[in-house]
Novice: 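Take a look at this one; I'll ask things after.
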Amino acid sequence: MQKLVDELNRLNVMGVHSQHIAYTLRLLAGERSTSKVVSDAYGGQSLRLDLVWTGPEIAGSQSRDTVIVVRKLFSSAKTSVLISSFAIDKGHKARELFTALAEPMDLNPELNVRMFLNVNPLHNSEVPTSSYCGSLPVLFAKIFG
């Protein structure tokens with residue numbers, strides 16, 4: 001309990017308003033409550049939503065290694081995966097990461113995978129992005145395959 005009090009005081013010192021802290025705590029309590037109801041409805045199965053937020057480390061953050069977390073989430077996916085990213089790795093790093101998603105997809109054709117990715121224009125290309133967006137699955141396979 002003291003760790004929680006210390007963390008709340010630290011947030012307050014950083015300038016986080018008490019209303020924002022209270023709002024976040026209510027969101028967390030609501031998520032926990034909903035998660036319990038859903039879990040009970042599915043016979044005690046854990047049906048949790050995991051949000052993985054990555055970026056530069058900031059002072060005081062206690063983030064986990066992105067690759068390890070994402071691989072674990074991909075490999076344990078049962079029903080759906082939603083990926084939203086501004087940038088993703090290419091080549092070997094991408095293959096290593098997405099293999100952990102490809103394997104459950106191969107085993108479970110019902111696994112729903114959706115990706116929302118930033119699409120940059122092709123390097124030195126005059127072709128508008130809209131003209132090649134339809135071929136993105138093929139492009140994705142070439143880059144990450």
Novice: Could you tell me the separation between the CE atom of M115 and the CG atom of L101, rounded to the nearest 0.5 Å?
Specialist: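 These two atoms lie 5.5 Å from each other.
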Novice: Apply side chain to side chain contact (heavy atoms under 4.5 Å, CB included) to residues V81 and N112 and explain how you reach the verdict.
Specialist: CA-CA 6 Å; V81 174; N112 180 15; over 6 Å; no
Novice: Establish whether L11 and L25 are linked, either directly or via other cluster members, by ILVMFWY side-chain heavy-atom contacts under 4.5 Å.
Specialist: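 In one cluster with L11: L25, yes.
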Novice: Look up atom CD in Q19 and atom OG1 in T24, then write down how far apart they are to the nearest 0.5 Å.
Specialist: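 Answer rounded to 0.5 Å: 11.5 Å.
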Novice: With a 4.5 Å cut-off on side-chain heavy atoms, are L82 and F116 touching?
Specialist: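 Side-chain contact under 4.5 Å: yes.
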Novice: Quick check: do I83 and R114 have side-chain heavy atoms less than 4.5 Å from each other?
Specialist: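 No; the side chains remain at least 4.5 Å from each other.
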Novice: Once rounded to the nearest 0.5 Å, what's the spacing between atom CG of N108 and atom NZ of K78?
Specialist: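 Here the rounded value is 9.0 Å.
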Novice: Drop me the distance from F74's CZ to L97's CG, to the nearest 0.5 angstrom.
Specialist: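 Rounded to the nearest 0.5 Å, the CZ-CG separation comes out at 5.0 Å.
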Novice: Should E7 and K3 count as side-chain neighbours, where that means a heavy-atom distance under 4.5 Å?
Specialist: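 Side chain of E7 against side chain of K3, heavy atoms only: no contact under 4.5 Å found.
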Novice: Evaluate side chain to side chain contact (heavy atoms under 4.5 Å, CB included) for V70 paired with F98, printing each intermediate quantity in order.
Specialist: CA-CA 9 Å; V70 172; F98 285 103; over 6 Å; no
Novice: Where is the tightest heavy-atom contact between A77 and P104, given as atom of each residue plus distance?
Specialist: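 Closest approach of A77 to P104: O-CB, 4.3 Å.
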Novice: Does the side chain to side chain contact (heavy atoms under 4.5 Å, CB included) test come out yes or no for L4 and L8, once each step is laid out?
Specialist: CA-CA 6 Å; L4 176 61; L8 291 173; 4.1 Å; yes
Novice: Would D6 and Q2 count as a side chain to side chain contact (heavy atoms under 4.5 Å, CB included) if you check the C-alpha gap in whole Å, the side-chain angles of each, and the deciding distance to 0.1 Å?
Specialist: CA-CA 6 Å; D6 292 344; Q2 186 59 44; 2.7 Å; yes
Novice: Look up atom CD in E110 and atom OG1 in T79, then write down how far apart they are to the nearest 0.5 Å.
Specialist: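 Atom-to-atom, E110:CD and T79:OG1 are 11.0 Å apart.
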